[in-house]
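Proteins get letters first, then strands, A, B, ... in listed order; numbering begins at 1 in each. From a predicted model like this one, the values you see are computed outputs, not experimental measurements.
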Amino acid sequence: MRNMKNRELARMFSTIADAIELKGGDRFRVIAYRRAATTLENLTEDIETVAEQGRLQELRGVGKAIASKIEEYLKTGRIRKYDEELETIPEGLLDLLAIPDLGPKTLALAYKSLDIKNLEDLKRAVADGSLAELSRMGEKKVNNIKKGIEIFEKSRERIPISEALEISENLIEYLRANPEVEQATAAGSLRRMKETVGDIDILATGTDGRKIIEYFTSCPNTERVIASGKTKGSILVRTNGEMRQVDLRILSRECFGSALQYFTGSKEHNVKLRRIAREKGLKISEYGVFRGRKRIAGRTEEEVYRTVGLPFIPPELREDQGEIEAGFREELPTLLEYSDIKGDLHVHSNHSDGTSTILEIAEFAESLDYRYVAICDHSKSAKFAGGLSEERLRKQMQEIDRMNMGRELRILKGIEVDILKDGSLDFPDELLAELDVVVAAIHIGFRQNVTERIIAALENPNVDIIAHPSGRLISRREGYEVDLNAVIKSAEKSGKVLELNAYPDRLDLDDQNLRRAKEAGVKISIGTDAHAKSEMGWMRFGVGIARRGWLEKSDVINTSNEFLLNQS
DNA sequence: GCCGTTTTCGGCCCGACTGTTTTCAGTCG
């Protein structure tokens with residue numbers, strides 16, 4: 001996997017930070033380790049290259065001590081500090097920090113006074129009431145932790161699409177490098193681009209199944225081999241500290257299409273498809289389409305669909321949400337393609353809490369063949385995120401004007417302006433009016449009149465886009481208390497745009513609400529909310545979710561060559 | 001542990017929110 005060592009080092013530094021925090025150590029050292037971890041995660045070069053060229057200390061958050069730890073890791077594969085910090089902490093304890101509402105202080109106390117070492121201990125202490133006995137623990141707090149445990153467990157069993165794609169793409173690339181392999185493709189909910197997936201399934205055809213499986217199970221990322229035969233192999237790989245299972249199935253060429261169709265699902269889609277086939281005297285299985293005993297199709301998915309009189313249905317639509325009916329009526333949408341995207345309308349620079357300079361962002365946008373990119377840093381109320389004062393924003397605008405001279409890419413002057421608790425915006429109208437793009441967002445008061453506040457923002461003529469309209473964080477946080485139907489209606493009325501935030505934790509609006517917005521005639525802007533230039537690559541997750549929401553090129557504003565907003 | 005237009009020591013993002021308390025600790029972003 002590319003940048004594997006960057007990732008592993010980031011994980012180790014982040015774990016060291018957790019360990020120090022849990023022990024009540026210096027909180028600034030905690031911050032320092034976390035910052036180094038973030039830098040490594042976002043680093044596009046291999047850390048080995050940086051080390052070889054003696055540039056480690058040029059990295060943000062990497063000083064003498066951390067640089068020497070990186071070198072130690074590259075040389076020996078270990079970091080003594082990491083081993084030392086973990087020595088005194090039971091395995092699995094730090095994982096519990098991922099439970100919402102359970103932080104280092106509470107966990108340390110639970111460990112010290114109740115000997116809670118893992119999830120099971122914690123659940124027991126919740127159930128038998130011993131957790132409630134701790135100081136500063138009340139009914140509500142225990143209840144929140146209980147809910148937190150549920151979210152935590154759910155998030156562990158499902159893999160975020162961003163991570164699943166990375167694992168599968170790396171493995172598919174690895175498989176294709178083997179001449180025995182003819183074709184290799186991901187299937188399952190991953191291919192349907194669901195926001196989280198249960199497991200990773202890869203299908204392949206080739207000359208010698210056993211050899212391919214052996215090659216697969218011996219890939220460099222394998223942590224453990226679970227199964228290895230001549231048609232199926234299963235391995236565990238480690239990413240971000242989690243073990244993920246990947247299955248590979250070897251199929252015969254003749255039934256690759258029907259198997260891909262079968263293993264892509266969804267189950268509901270397949271059930272309906274098979275029922276329709278049966279009505280036509282056909283039988284569809286993973287081995288092909290059969291009339292009696294005669295196989296009439298199976299080599300490609302197109303063939304399979306054609307036998308029942310359907311056009312090819314894109315995987316993202318296969319949820320039995322009307323796509324089969326639309327297929328028969330020949331009314332399937334022409335879905336948005338990644339190549340339709342001409343710009344990113346939500347990127348943070350190092351003027352607020354991003355890590356890249358505007359120039360770096362612009363050059364990255366150029367490398368993506370974009371026509372424009374909008375710099376939308378935080379506004380002044382977002383102090384935790386280095387929100388810009390009016391003065392700093394004006395300076396930024398001047399800087400952008402200068403950078404736009406003689407440049408084909410257009411850098412758009414934007415802002416992610418906070419919607420305050422009273423529904424007003426964080427900056428005066430005169431200032432907002434001077435910007436190219438005004439993205440308004442809720443960051444405080446998630447339960448206070450959110451619907452009214454968003455609608456008030458939509459009614460401000462200077463606002464163009466509402467960012468992450470539901471506010472949910474996948475597997476981590478419910479959204480705002482907001483009536484999205486009312487928001488969609490208001491956006492329709494004012495001709496405003498709702499965002500599909502492509503940040504992997506957000507994917508907000510989600511597929512269902514995107515479809516509602518489309519049906520209401522509301523346009524969508526896909527923005528990555530990137531906080532580092534490389535995160536602009538998240539656009540493809542946004543495109544995937546947009547396709548699940550039945551969006552076409554014309555539904556998405558950042559597909560037009562020139563940047564145009566309907567300024568009312 | 002990092003970092004420097006206040007610079008090699010002494011800061012480091014800071015306020016909202018919640019639930020616990022009776023003036024504040026812990027968590028989150």
Side-chain angles (χ1 to χ4, degrees), chain A residues 9 12-14 16-40 56-70 72 79 81-82 84-85 96-110 131-148 151-152 348 350-355 377-389 392 395 416 418-422 426 441-448 450 467-468 471-473 476-481 501 503 505-506 529 531:
Chain A
L9 277 163
M12 290 173 97
F13 288 139
S14 162
I16 292 174
D18 286 347
I20 297 172
E21 191 171 36
L22 188 73
K23 292 178 196 169
D26 180 6
R27 65 197 183 94
F28 296 112
R29 292 173 77 201
V30 174
I31 292 170
Y33 277 112
R34 293 229 166 100
R35 182 156 10 142
T38 310
T39 297
L40 284 163
L56 282 177
Q57 289 193 51
E58 287 170 25
L59 300 174
R60 191 192 315 243
V62 177
K64 221 170 148 187
I66 289 186
S68 83
K69 289 182 177 72
I70 293 173
E72 182 189 355
I79 298 176
K81 170 81 173 169
Y82 176 83
E84 276 166 30
E85 288 293 343
L96 302 185
L97 284 173
I99 297 172
D101 291 312
L102 179 66
K105 292 289 191 314
T106 315
L107 187 59
L109 183 63
L131 191 71
E133 308 276 294
L134 293 179
S135 73
R136 304 197 69 85
M137 263 302 157
E139 198 187 333
K140 286 190 179 169
K141 237 176 162 180
V142 173
N143 219 344
N144 282 344
I145 291 175
K146 204 170 151 186
K147 270 192 260 170
I151 293 177
F152 174 72
H348 292 269
N350 63 352
H351 287 238
S352 67
D353 59 346
T355 57
D377 277 313
H378 288 283
S379 60
K380 65 172 183 283
S381 287
K383 297 213 168 65
F384 58 86
L388 301 181
S389 65
R392 285 171 59 205
K395 267 192 160 160
E416 180 178 12
D418 257 86
I419 302 173
L420 303 178
K421 284 191 178 168
D422 61 359
D426 204 12
I442 300 262
H443 290 113
I444 48 165
F446 293 179
R447 300 187 197 166
Q448 292 158 18
V450 179
H468 43 75
R472 63 98 178 246
L473 293 178
R476 287 203 285 135
R477 183 180 80 196
E478 300 281 312
Y480 320 129
E481 280 178 16
N501 189 296
Y503 198 94
D505 282 352
R506 291 191 182 270
D529 210 344
H531 284 67

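Here D422(A) pairs with S424(A) under the side-chain hydrogen bond (donor to acceptor under 3.5 Å, both in side chains) rule; sequence neighbours left out. Listed by chain and residue number, nothing satisfies the salt bridge (Lys or Arg N to Asp or Glu O under 4.0 Å) test with R35(A) (two or more places apart in sequence, or in another chain). Under the rule for a side-chain hydrogen bond (donor to acceptor under 3.5 Å, both in side chains), the partners of D377(A) that lie at least two apart in sequence or sit in another chain are S349(A), S352(A), Q396(A). The side-chain hydrogen bond (donor to acceptor under 3.5 Å, both in side chains) search around K147(A) returns none, not counting sequence neighbours. For Y82(A), the ring pair (Phe, Tyr, Trp, His ring centres under 6.0 Å) test picks out no residue, with sequence neighbours left out. Not counting sequence neighbours, the partners of H443(A) by the side-chain hydrogen bond (donor to acceptor under 3.5 Å, both in side chains) test are E416(A), D418(A). K141(A) meets the salt bridge (Lys or Arg N to Asp or Glu O under 4.0 Å) test with no other residue; sequence neighbours excluded. Annotation: ring pair (Phe, Tyr, Trp, His ring centres under 6.0 Å) contacts of Y480(A) (sequence neighbours excluded): F446(A).
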For residues 98-107 of chain A, which side-chain N or O atoms pair as donor and acceptor with protein atoms under 3.5 Å away, sequence neighbours left out?
none

Annotated protein contacts, base or backbone, on nucleotides 14-21 of chain B with a non-hydrogen cut-off under 4.0 Å, one of B, S, - each: B-SSSBB-

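Within residues 100-109 of chain A, the residues approaching DNA chain B are P100(A), D101(A), L102(A), G103(A), P104(A), K105(A), T106(A), by heavy-atom distance under 4.0 Å.
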Identify each atom pair where a protein N or O and an N or O of nucleotides 8-12 of chain B are less than 3.5 Å apart, giving names and distance.
none

